[in-house]
Amino acid sequence: MAVKLEEQLLEILACPCPEHAPLQLGTPEDPEADFLTCTACGRSFPVRDGIPVLLLDEAVEPPSAE
């Protein structure tokens with residue numbers, strides 16, 4: 001199921017990493033996933049019951065580039 005957030009909310013949300021970069025909907029592998037992905041560090045944050053969980057401890061790390 002795709003994440004549904006108001007455009008204004010998505011514009012002000014930022015990753016809690018030091019870069020505080022904007023977030024994009026979904027993941028690189030699945031744009032329909034219930035996640036928001038940082039455009040700088042690549043971490044994916046879950047969206048549960050329509051609420052983004054922007055905690056680094058809850059983030060899914062990006063696959064390492066090998």
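Quick caveat, the model's predicted, so the values are computed rather than measured. Numbering of residues begins at 1 and proceeds along the displayed sequence.
Heavy-atom minimum distance, His20 versus Ala14: O-CB, 3.6 Å. A pairwise comparison of heavy atoms in Glu58 and Pro46 identifies O-CD, 3.6 Å as the closest pair. Across all non-hydrogen atoms, the minimal contact from Thr27 to Phe35 is CG2-CB, 3.7 Å. Closest non-hydrogen pair, Gly42 versus Pro62, comes out as O-CB, 3.6 Å.
When hydrophobic clusters are built by joining Ile, Leu, Val, Met, Phe, Trp and Tyr residues whose side-chain heavy atoms come closer than 4.5 Å, directly or via intermediates, Leu36 is not grouped with Val60. Under a hydrophobic-cluster definition in which Ile, Leu, Val, Met, Phe, Trp and Tyr are linked whenever side-chain heavy atoms come within less than 4.5 Å, directly or via other members, Val47 and Leu9 are assigned to the same cluster.
Looking only at side-chain heavy atoms (C-beta outward), Pro63 and Glu29 come within less than 4.5 Å of each other.
How far CD of Glu6 is from CD1 of Ile12: 10.0 Å, rounded to the nearest 0.5 Å. Atoms CG and OG, on Leu23 and Ser44 in that order, are 9.5 Å from each other to the nearest 0.5 Å. In this structure, CG in Asp34 is found 10.0 Å from CG in Leu25, a value given to the nearest 0.5 Å. The CD atom of Glu61 lies 8.5 Å from the CG atom of Leu56; values are rounded to the nearest 0.5 Å.
A distance-only check finds a donor-acceptor pair linking the side chain of Thr39 to the backbone of Pro22 [under 3.5 Å].
Annotation: Gln8, atom CD; neighbour count of heavy atoms from other residues, nucleotides and ligands within 6.0 Å does not exceed 12.
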